[in-house]
Protein chains: 2
Amino acid sequence: MTASNRDDEKLKSEIRLRFHQLGQRFTQEREALLAVLLTTDRALTPQELYEAAQKSETVGLTTAYRIIETLTRIGFAQVILINGELRYRLCSPTHHHHMVCTQCQKVEEFAECQLEGLDYGSFHPTSHRVEIFGLCEQCQKGSS
Amino acid sequence: MTASNRDDEKLKSEIRLRFHQLGQRFTQEREALLAVLLTTDRALTPQELYEAAQKSETVGLTTAYRIIETLTRIGFAQVILINGELRYRLCSPTHHHHMVCTQCQKVEEFAECQLEGLDYGSFHPTSHRVEIFGLCEQCQKGSS
DNA sequence: TGCCTTATCGAAAATGGTTTTCAATAACTA
DNA sequence: TAGTTATTGAAAACCATTTTCGATAAGGCA
Ligand SMILES: [Mn+2]
Ligand SMILES: [Mn+2]
Ligand SMILES: [Zn+2]
Ligand SMILES: [Zn+2]
């Protein structure tokens, strides 16, 4: 099963380009970690990312933390709080929001955004976050 | 400056009632901690809650953690992720969302919710979270 | 009111996720 | 290919949160 909602090849080359612009090297370890992030639709903990990447390449947990930090900082990943845990998901850099399965941590993106016309009074908004929590199709069947 | 958006007296008695129903005692420590939460409009870290309560009553940090856990579990407080930190805010138990100042951590509630009519496809939604980040009125002036 | 049961408190220790350190290594450039 | 320098990862440090457990106090009841 391939990850949905994103154009993975496009995203991958965008990330490579950005890394290059920032003078970052494209190491085997980063390649392996990024491959994991590109082929999952779940939001992962750093530990999970580390374990998954381990299957194809020897990577350190520290390196998993580092790539998460970098990707999040430059806007290619987002943190999501699910069941009290911080998890990370590769994201397309366009504006979108998330449907989050609280059972398997699958994250589906959706683009509709209803927040534009709202009245915020004297508050000056700069960004926002919308998360729909629930059960994905698979998890509805599994645990009816 | 008193906390906005909530009817603090009403909220306080609701919490007392709920605590009583659960067989929880209303100790001096909880009184002091709750007083802090009721009189601030900021989302606090456990450490900040502890320090603020300390001014009127001797409280342990552990107790601050415990009341946050309890209030969150029974729906009278919510966790918000601000600048990478988990912060907690007393909340009215009615459905609402948040405008969050990323500078002073002030949280204003708003009730409008545009998410009802959306099409979630095969995803089964159970709850959602909407957060508007930005600058409150004070912080706009202060750091122009 | 005073007693008794038991929830609660908090200091200290344990836990565990995340960050820092630093010497060895590998990626890019010329 | 050689040289420069970003990157790696094991180990240590860090620090927020949880657990432990003996002492304390809340609150129901006689
Ligand atoms: Mn996304
Ligand atoms: Mn609220
Ligand atoms: Zn699921
Ligand atoms: Zn502010």
Side-chain angles (χ1 to χ4, degrees), chain A residues 12-13 15-37 43-74 77-88 105, chain B residues 12-13 15-37 43-74 77-88 105:
Chain A
K12 185 171 181 177
S13 51
I15 293 174
R16 287 192 102 110
L17 177 63
R18 197 72 217 290
F19 266 55
H20 197 262
Q21 290 173 341
L22 295 170
Q24 310 240 48
R25 296 174 182 177
F26 222 76
T27 62
Q28 305 243 291
E29 291 82 0
R30 287 180 180 173
E31 186 88 54
L33 290 163
L34 193 56
V36 170
L37 290 170
L44 304 180
T45 61
Q47 180 72 36
E48 286 174 343
L49 172 59
Y50 158 71
E51 283 166 14
Q54 209 67 279
K55 289 169 190 165
S56 64
E57 177 77 23
T58 302
V59 218
L61 179 56
T62 311
T63 305
Y65 274 99
R66 283 195 274 237
I67 202 165
I68 283 172
E69 195 283 328
T70 303
L71 289 171
T72 304
R73 182 164 39 73
I74 68 183
Q78 281 185 35
V79 58
I80 310 177
L81 182 61
I82 310 177
N83 299 146
E85 275 184 329
L86 295 180
R87 291 178 167 269
Y88 300 85
Q105 287 79 52
Chain B
K12 184 171 182 177
S13 51
I15 293 173
R16 287 191 102 110
L17 177 61
R18 196 71 216 290
F19 265 56
H20 197 263
Q21 290 172 343
L22 296 170
Q24 311 239 48
R25 294 174 184 177
F26 222 76
T27 62
Q28 306 244 291
E29 291 83 0
R30 289 179 179 174
E31 187 89 54
L33 290 163
L34 193 56
V36 170
L37 290 170
L44 304 180
T45 62
Q47 180 72 36
E48 286 174 343
L49 172 59
Y50 158 72
E51 283 166 13
Q54 208 69 280
K55 289 169 188 163
S56 63
E57 177 76 23
T58 302
V59 221
L61 179 56
T62 310
T63 303
Y65 274 98
R66 283 195 273 237
I67 202 164
I68 284 173
E69 194 283 327
T70 302
L71 289 172
T72 303
R73 182 164 38 75
I74 68 181
Q78 282 184 35
V79 58
I80 310 178
L81 181 62
I82 310 177
N83 300 145
E85 276 184 329
L86 295 181
R87 292 179 167 268
Y88 301 84
Q105 289 78 51

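Throughout, a chain's letter reflects where its sequence line sits, starting with A, and its residues are numbered from 1.
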* Any donor-acceptor pair under 3.5 Å between the side chain of A:R25 and the base of D:dT5? -> yes

* Asked: Are any of the side-chain heavy atoms of B:V36 and B:K55 separated by less than 4.5 Å?
  -> no

* Determine: side-chain N/O of A:Y65 to OP1/OP2 of C:dT19, distance under 4.0 Å, yes or no. => no

* May I ask you to decide whether B:K12 forms a salt bridge with B:E31, counting only side-chain N to carboxylate O separations under 4.0 Å? => yes

* Can you figure out which of D:dG27, D:dG9, C:dA11 approaches the side chain of B:F26 most closely? => D:dG27

Identify every side-chain donor-acceptor pair in residues 16-26 of chain A under 3.5 Å, counting partners at least two apart or on other chains, and give the distances.
residue, atom, partner, partner atom, Å
A:R18, NE, A:Q21, OE1, 3.3

Let me have the donor-acceptor pairs involving side chains of residues 44-53 of chain A, under 3.5 Å, with sequence neighbours excluded, atom names and distances please.
residue, atom, partner, partner atom, Å
A:T45, OG1, A:E48, N, 3.1
A:Q47, NE2, A:E51, OE2, 2.8
A:E48, OE1, A:T45, N, 3.1
A:E48, OE1, A:R87, NH1, 2.7
A:E48, OE2, A:R87, NH2, 3.3
A:Y50, OH, A:Q54, NE2, 3.1

* Structure fact -> When rounded to whole Å, the CD to P distance for the pair A:E85 and D:dT18 reads 13 Å

* Structure fact -> Between A:Y50 and A:R30, the residue closer to the 5' end of DNA chain D by nearest nucleotide is A:R30

* For the pair made of CG in B:L44 and C1' in D:dA16, what is the distance, rounded to whole Å? -> 16 Å

* Between B:G23 and B:T62, who's closer to the 5' end of DNA chain C by nearest nucleotide? -> B:G23

* To do: Check the distance between C:dA13's P and B:L61's CG and give it to me in whole angstrom.
  => 16 Å

* Do A:R66 and D:dT7 have a side chain to base donor-acceptor pair shorter than 3.5 Å? -> no

* To do: Using atom CD of A:E29 as one end and atom P of D:dT8 as the other, report the distance to the nearest whole Å.
  => 5 Å

* Which is true for B:Q47 with a 4.0 Å heavy-atom rule: it touches a base, it touches only sugar-phosphate, or it touches nothing? -> nothing

* Asked: Taking OP1 and OP2 of D:dG9, is either one under 4.0 Å from a side-chain nitrogen or oxygen of A:T63?
  -> yes

* Has B:E69 got more than 12 heavy atoms of other residues, nucleotides or ligands less than 6.0 Å from its CD? -> yes

* Under 4.0 Å between a side-chain N/O of B:T58 and OP1 or OP2 of C:dG10, yes or no? -> no

* Can you figure out which of C:dT19, C:dG10, D:dT7 approaches the side chain of A:Q24 most closely? => D:dT7

* Asked: A:Q28 CD to C:dC28 P: how many Å, rounded?
  -> 10 Å

* Starting at OH of A:Y88 and ending at P of C:dT18, how long is that distance when rounded to a whole Å? -> 6 Å

* **OP1 or OP2 of D:dG28 under 4.0 Å from side-chain N/O of B:H20** => yes

* To do: May I have the distance from A:E31 (atom CD) to D:dT7 (atom C1'), rounded to whole angstrom?
  => 15 Å

* Asked: In whole angstrom, what separates B:I68's CD1 from D:dA16's C1'?
  -> 12 Å

